Amino acid sequence: MAGRAQIPTKNSALIAMIADEDTVTGFLLAGVGNVDLRRKTNYLIVDSKTTVKAIEDAFKEFTSREDIAVVLISQYIASMIRFLVDSYNKPVPAILEIPSKDHPYDPAHDSVLSRVRYLFSAESVASGRR
Amino acid sequence: MEDDDRCSSNNPGGIEQEEEDEDGTVLRFLDSLDSYLTLLDALSSTLRQGWFELASARHSMGSSCISSVLLDQKVRSAATTFQVGKSIDGSPSESHPSFAISKWASSRDGKCSFGEMEVSHVQKTSKNSELRHRGSSNFYDTTEEHDLRINASSTIGDGDVQKERSKSLSVFGTLVSPKLRAAQVSFETALDAIVEIANIRSSMLCAFTQLQQEMKEKGLG
């Protein structure tokens, strides 16, 4: 995947965030917040009222923008749109699943680790032994 | 395919070279995987610290003083950005993206003296840690180191960096709790970890793709 896809080089690319209020607030304190002339932001604060459709739309928007290098998404939010996250395979922007306050990081649900897990599965080991 | 078989049977050195290359790819993949998990542990610790400091700031300043309602929709550019380049592991056809961070870069002139110091500290730490224990936060800062970092961040950084930092904090008022400043430093540290994680992830996926190709060529995948 990494070798075939065109890797765009970018300067001054943004970090996008789809996370809970505290995580987004913290990263905005660190200076990653961006609001453009159309009042579009590079973050989505997810709370109990945020719909799955809104999360999906934000994910699709951030992953198609040319000016975004990394998309941070809380792992519990990524699980709500797991199909979308797992089917994403472009090298840039990179999707990083991060823990949230109430949901610690679980390697079993990480989409990158799920992809590489089959290398260690019984089928792949057995086929190597034949 | 037949030519390859003839070559390999006539050239055992070539087979050894192939196996060495394959072993190198496997090692690169496993190293990346280990680093990925270790860095995520470290990120979790750093974020926990940041959330705790944010909660402390909220306790001292009031819940209404630190809320998303205050994140106004004024047009502004991000002061901390990423650069995306190309990194090549092994053959030139296997390039993958590499990420670098530019923290508090004012006027987009590439100056990020404090940011560069931060990244080099992280890189040195990652190179020096020989025994890594997942689940502990010793990859990055202990409490004392974190306090030192807060003090250093308020004294070493140049004027532009401090201005950008203050601008970020000013969303929550003119006088802010020291805990909020501490939270800012924690999340800056978390950004360093995120850059490392993005690079390791990229390297891991590149090695994984190579392994998949090698397995397919051998008829294993």
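This is a predicted model, so every value here is computed, not measured.
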Peer 1: Considering heavy atoms only, which positions within residues 103-114 of chain A lie below 4.5 Å of chain B?
Peer 2: A:Y105, A:P107, A:D110, A:V112, A:L113
Peer 1: Do the charged groups of A:K40 and A:E61 touch, with an N to O distance under 4.0 Å?
Peer 2: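 So A:K40 pairs with A:E61 through a salt bridge.
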Peer 1: Please determine, among A:G26, A:A69, A:A94, the option with the most heavy-atom pairs under 4.5 Å with chain B.
Peer 2: A:G26
Peer 1: Need one label for B:F99: side chain, backbone, both or neither, based on atoms under 4.5 Å from any heavy atom in chain A.
Peer 2: side chain
Peer 1: Got a donor-acceptor contact below 3.5 angstrom from the A:N34 side chain to the B:A78 backbone?
Peer 2: yes
Peer 1: With chain A as the partner, which of B:F187, B:F52, B:F172 has the greatest number of non-hydrogen pairs under 4.5 Å?
Peer 2: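 When all of B:F187, B:F52, B:F172 are compared, B:F187 has the most.
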Peer 1: Tell me whether B:T189 contacts the main-chain N or O of B:V185 through its side chain, where contact means a donor paired with an acceptor under 3.5 Å.
Peer 2: yes
Peer 1: Go through the structure and list residues passing salt bridge (Lys or Arg N to Asp or Glu O under 4.0 Å) with A:K60, not counting sequence neighbours.
Peer 2: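 Not a single residue meets the salt bridge (Lys or Arg N to Asp or Glu O under 4.0 Å) criterion with A:K60.
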Peer 1: Quick one: salt bridge (charged side-chain N to carboxylate O under 4.0 Å, His left out) pairs with a partner in residues 44-56 of chain A, sequence neighbours left out?
Peer 2: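 For residues 44-56 of chain A: A:K53-A:D57.
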Peer 1: Using non-hydrogen atoms only, which part of B:Y36 is less than 4.5 Å away from chain A: side chain, backbone, both, or neither?
Peer 2: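 The answer is the side chain of B:Y36.
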Peer 1: Is a donor on one side and an acceptor on the other found under 3.5 Å between the side chain of B:S202 and the backbone of B:H96?
Peer 2: no
Peer 1: Does A:L29 offer a backbone N or O that forms a donor-acceptor pair with the side chain of B:Q184 under 3.5 Å?
Peer 2: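 A pair under 3.5 Å: yes.
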Peer 1: Tabulate, in ascending numerical order, the residues of residues 17-25 of chain A having at least one heavy atom closer than 4.5 Å to a heavy atom of chain B, or enter 'none'.
Peer 2: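 When heavy atoms of chain B are the reference, residues 17-25 of chain A contributes A:E21, A:D22, A:T23, A:T25 within the under-4.5 Å range.
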Peer 1: Under a 3.5 Å distance rule, please check whether B:S168 uses its side chain to pair with a backbone N or O of B:R165 as donor and acceptor.
Peer 2: no
Peer 1: So does A:R82 pair up with A:D86, basic N to acidic O under 4.0 Å?
Peer 2: yes
Peer 1: Within the side chain of B:T46, is there an N or O that forms a donor-acceptor pair under 3.5 Å with the backbone of B:A42?
Peer 2: yes
Peer 1: Given that the side chain runs from C-beta out, which part of A:I15 has a heavy atom under 4.5 Å from chain B: side chain, backbone, both or neither?
Peer 2: side chain
Peer 1: Examine distances only and state if a side-chain atom of B:S63 and a backbone atom of B:H59 form a donor-acceptor pair shorter than 3.5 Å.
Peer 2: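 Side chain of B:S63 to backbone of B:H59, a donor-acceptor pair under 3.5 Å: no, none is there.
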Peer 1: Between A:T41, A:I45, A:I95, who has the most heavy-atom pairs with chain B when the cutoff is under 4.5 Å?
Peer 2: A:I95
Peer 1: Given 3.5 Å as the limit, does a donor-acceptor pair link the side chain of B:T174 with the main chain of B:S170, or not?
Peer 2: no
Peer 1: Please rank B:A100, B:G50, B:S44 by heavy-atom pairs under 4.5 Å with chain A and give me the top one.
Peer 2: B:S44
Peer 1: Distance only, no hydrogens: is a donor on one side chain within 3.5 Å (strictly under) of an acceptor on the other, for B:W104 and B:Q162?
Peer 2: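 No, B:Q162 and B:W104 have no side-chain donor paired with an acceptor closer than 3.5 Å.
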Peer 1: If you count heavy-atom pairs within less than 4.5 Å of chain A, which of B:M204, B:R58, B:R201 leads?
Peer 2: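 Winner by heavy-atom pair count: B:R201.
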Peer 1: Which atoms of A:V70 come close to chain B, meaning under 4.5 Å heavy atom to heavy atom: side chain ones, backbone ones, both, or neither?
Peer 2: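 It is the side chain, since no backbone atom gets that close.
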Peer 1: What closest approach, in Å, do B:M61 and B:S177 show between heavy atoms, and which atom pair accounts for it?
Peer 2: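 Nearest pair, atom of B:M61 first, then B:S177: SD-N, 3.3 Å.
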Peer 1: Measure A:I68 against the heavy atoms of chain B and call it side chain, backbone, both or neither at under 4.5 Å.
Peer 2: neither
Peer 1: Does B:R181 pair with B:E53 as a salt bridge, N-O distance under 4.0 Å?
Peer 2: no
Peer 1: With a 4.5 angstrom heavy-atom cut-off, could you sort out which part of A:L96 is near chain B: side chain, backbone, both or neither?
Peer 2: side chain
